Colleague: 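Structure provided below as structure tokens; questions to follow.
Since the structure is predicted, the reported quantities are computational estimates derived from the model, not experimental observations. Chain naming here is simple, since letters A, B, ... match the order of the sequence lines and numbering starts at 1 in each.
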Amino acid sequence: MKSEPDVFSIDDLARKGREVWDGVRNYQARNFLRAMQMGDLVLFYHSSCAVPGVVGIAQIRQAAFADPTQFDRASDYFDAASSALEPRWSAVEVEFVRKFAAPVTLEMLKNVADLADMALVRRGNRLSVMPVTEPQWQRITDLAD
DNA sequence: GCCAACGTTGGC
DNA sequence: GCCAACGTTGGC
């Protein structure tokens, strides 16, 4: 899951413990959110910052539910086309697990041949929520310690 | 701040 | 249903 650290960082999650992950407004990312289950582990990625990369691990505490911001007229994420009966957008709740001693930077990830087909390292990729395979998870977390 | 890549919108 | 225009993402 990607987040801009200026908006919400791994340190913010560490401090708060839990956070509702809302505001996803891309259908592909939404579908990946909906596929998440309670207890699933998440790689937390910092994007649009000085050193983009995976900075820690979180865990799904609550599986997908209707993203409340889509009904909030005051929210940037308000969607007038969504309805309470058939909510268009979903959110999940995540919990802090740990922060890596040092980030696994995008640059590092690009140098791992096994990760070449991962959307994350591909140029022009804009997906903010994406699945990670077991081998990819292993590769990435191995680089963290 | 620039710009490539991509998703969405809307005219036809 | 095509595709140009536009807005957004995100690395650099």
Colleague: Going by an N to O cut-off under 4.0 Å, is there a salt bridge joining Arg25(A) and Asp79(A)?
Modeller: no
Colleague: List every contact pair, protein side and nucleotides 4-7 of chain C side both N or O, where the distance is under 3.5 Å.
Modeller:
unit_1	atom_1	unit_2	atom_2	d
dG7(C)	N2	Arg126(A)	NH1	3.1
dG7(C)	N2	Arg126(A)	NH2	3.4

Colleague: Give, ordered by number, those residues of residues 46-55 of chain A having at least one heavy-atom distance below 4.0 Å to an atom of DNA chain C; if nothing qualifies, reply none.
Modeller: Ser47(A), Ser48(A), Pro52(A)
Colleague: Salt bridge check: are Asp142(A) and Arg139(A) linked by an N-O gap of less than 4.0 Å?
Modeller: no
Colleague: Calculate, to the nearest 0.5 Å, the distance between atoms OG and CH2 belonging to Ser128(A) and Trp21(A) respectively.
Modeller: 8.5 Å
Colleague: OP1, OP2 of dT9(C) versus side-chain N and O of Tyr45(A): anything below 4.0 Å?
Modeller: no
Colleague: Decide whether Ser9(A) and Asp11(A) meet the rule of one side-chain donor and one side-chain acceptor closer than 3.5 Å.
Modeller: no
Colleague: Can you check the Glu107(A) CD to dG11(C) C1' distance for me, whole Å?
Modeller: 12 Å
Colleague: How many whole angstroms separate atom CG of Asp6(A) from atom P of dG11(C)?
Modeller: 13 Å
Colleague: Rounded to the Å, how far apart are Leu127(A) CG and dT8(B) P?
Modeller: 11 Å
Colleague: Begin from the C-alpha positions of Trp89(A) and Phe65(A) and carry the test ring pair (Phe, Tyr, Trp, His ring centres under 6.0 Å) through to its verdict.
Modeller: CA-CA 8 Å; Trp89(A) 305 113; Phe65(A) 54 95; over 10 Å; no
Colleague: Give the rounded distance in Å between these two atoms: CG of Asp79(A) and P of dT8(B).
Modeller: 12 Å
Colleague: Do any side-chain nitrogens or oxygens of Lys2(A) fall under 4.0 Å of OP1 or OP2 in dT9(C)?
Modeller: no
Colleague: Donor-acceptor pair, distance only, cut-off 3.5 Å: does the side chain of Asp40(A) make one with the backbone of Gln37(A)?
Modeller: yes
Colleague: Any luck finding a side-chain donor-acceptor pair between Glu86(A) and Ser83(A) under 3.5 Å?
Modeller: no
Colleague: For the residue pair Phe44(A) and Phe8(A), categorise the inter-ring angle as parallel (less than 30°), tilted (30 to 60°) or perpendicular (more than 60°).
Modeller: tilted
